[in-house]
Amino acid sequence: MFSGLHHFALLAAVLSFLCTNTAQAAEKKDVYFVVWDTTRSDHLSPYGYQRDTTPNLNRIADNSAVFSDANASGGWTPPSVASLFTGLLSVNHRVDFTPTKERMDIPSEVNTLAEVMRDAGYHTALFTAQSVFYKEGYLQGFMEHEKVGSGQFQSRIPQTIEKAGDKPLFIVLYWLNPHAPYNPPKIHDLYTDPNGPQVNLMVKKEDKKLDGDYAHPEINSGAVVLNEAEWSQLKARYDGELHSNDQRMQNGIEKYKQLRSWDDAVFVMTSDHGEMFNERSQMRVWHGWPTHENQRVPLIIKAPGQKGRVDIGSQVRGIDVFPTVLELAGVSYDGPLNGKSLVPLMQGQKEPDRPNLGASHYSAGLMFYRNGKHNLITSRLNAANTYLYDLTADPKETTNLAKTQPALLAEVQAEMEAFMQRSTLDLGISSETKVSSEEEAQLRALGYIE
């Protein structure tokens, strides 16, 4: 944080660069879009974490906008990534599993960010180590795409730039790590206690190989109870994965810098959701329970030419990334969106918290509505699963007000319904579909359903 004349001068410099960029909308900028799966912001260096897990990301953040209350627009990977790729809430793109098993792929009637960029003259590319969304709908608009390990990303970058030629580049790099199991390469395994317990989190029981390997359903059901040392080791392994991601990300950026101007590029780093580490009994590990541990994700955006860090504390959403990228890149789009550009906030404007609405298939089909003041969690199949938290008085979300303050609950429920109603768009989605048996088998293999 800065103060006095230093703060004023820094803010003025940042505003100058941002305003120059948006004024020159005709000059399209490269977009370097990084997504790390399962990453909670409070374990990263730019967010003040006690361990220096991401020194390279921290250096990028020194000349970026850092959003401290960025919320994923889904409770797990498919709907959250669908919102990132479309700028739409799940009630509109309809990627969902519970209660209707409606779809696990983005409908063809919905425009994706890659389609807009391609149509604006960009060369568009996706490289992903996460397979759950490697489907036709998510791939709409990508001129090249590949399912490949994140260790191979850096070799793909110069190849993609060569294919792009004189075109501007829109590239998405999607890490699977730090998704469980947590197995950081030895050089990045900096935080585990060599004399501590052997423990790791497995996707499913069939993956267990060593003593101390536990599947997340075992821990969440209470069949396995970890002690404090084991929780510390789990978090240490997770942090090592983040350190590995950080170096691999930087390796790719260095490849990019050899061929294109990093200063002129738009950089975005975010995640689809966070991870739980024994913060609450409803879900001790894994992801899907829509409290801040799972919903608050990193969001770091560098505008072209930006100098200096801007910290933004108001609540924003994953759906806001789509229009932000377009504005910073110099691309126009007048299609339907739920998201709003974050550029005004990056330029120093103030505004209220942006309400966020999303879904998770866990615990009988959860929905969440997070308006900055309250977090309302409801179930579409079980009304008993209702939670209401006061985010001002209780930021850790420890006291459920749903039963003790029925009037407040009714007020927030009515607000959620009104927000959902005015946010619902007619996108002409006509095809009726259900999750296929193959898709359901994939979700089971990836540990999302049992």
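- For the pair Thr324/Met346, a side-chain contact is recorded, criterion being any heavy-atom separation below 4.5 Å from C-beta on.
- Between His188 and His243, the ring-plane angle classifies as tilted under the 30° and 60° cut-offs.
- Applying the ring-ring contact (aromatic ring centres under 6.0 Å, His included) rule to Phe368 yields no partners; only residues at least two apart in sequence or on another chain are considered.
- The backbone N or O of Pro184 lies less than 3.5 Å from no partner atom in the side chain of Ser244, so there is not a single donor-acceptor pair.
- A donor and an acceptor atom, one from each side chain of Thr77 and His273, are located under 3.5 Å apart.
- Between Val297 and Asp272 there is no side-chain heavy-atom pair separated by less than 4.5 Å.
- Of the possible polar contacts, one joining the Asn294 side chain to the Gly75 backbone as a donor-acceptor pair under 3.5 Å is found.
- Inspection of the Arg284 and Asn278 side chains reveals an N or O donor paired with an N or O acceptor under 3.5 Å.
- The backbone N or O of Leu169 lies less than 3.5 Å from a partner atom in the side chain of Asp30, making a donor-acceptor pair.
- A donor and an acceptor atom, one from each side chain of Asn92 and Ser423, are nowhere located under 3.5 Å apart.
- Paired with Asn375 under the rule side-chain contact (heavy atoms from CB on, under 4.5 Å), one option of Asp394, Thr291, Val412 passes, and it is Thr291.
- Side-chain atoms of His216 and Lys204, non-hydrogen and from C-beta on, never get closer than 4.5 Å to each other.
- Qualifying salt bridge (charged side-chain N to carboxylate O under 4.0 Å, His left out) partners for Asp42, counting only residues two or more places apart in sequence or in other chains: Arg40.
- Atom-to-atom distance recorded for Leu139:CG and Thr124:OG1 is 10.5 Å, nearest 0.5 angstrom.
- Using a 4.5 Å heavy-atom cutoff, the side chains of Ile312 and Val66 are not in contact.
- The closest side-chain donor-acceptor pair between Asn200 and Asp213, if any, does not fall under 3.5 angstrom.
- In this structure the side chain of Phe133 reaches within 4.5 angstrom of the side chain of Phe85, judged on heavy atoms.
- A 4.5 Å side-chain heavy-atom check between Met269 and Leu299 finds every atom pair outside the cut-off.
- For residues 126-148, the pairs satisfying salt bridge (Lys or Arg N to Asp or Glu O under 4.0 Å) are Lys135-Glu439, Glu144-Lys163, Glu146-Arg156, with sequence neighbours left out.
- In this structure, Ile219 and Leu226 approach most closely via the heavy-atom pair CD1-CD1, 3.9 Å.
- Residues forming a side chain to side chain donor-acceptor pair (under 3.5 Å) with Glu254 (at least two apart in sequence, or on another chain): Gln250.
- A salt bridge (Lys or Arg N to Asp or Glu O under 4.0 Å) check over residues 185-200, counting only residues at least two apart or in different chains, returns nothing.
- Within the structure, every pair that satisfies the salt bridge (Lys or Arg N to Asp or Glu O under 4.0 Å) test and touches residues 63-80, not counting sequence neighbours, is listed here: Asp69-Arg296.
- Asp239 and Tyr49 share a donor-acceptor pair across their side chains, judged by distance under 3.5 Å alone.
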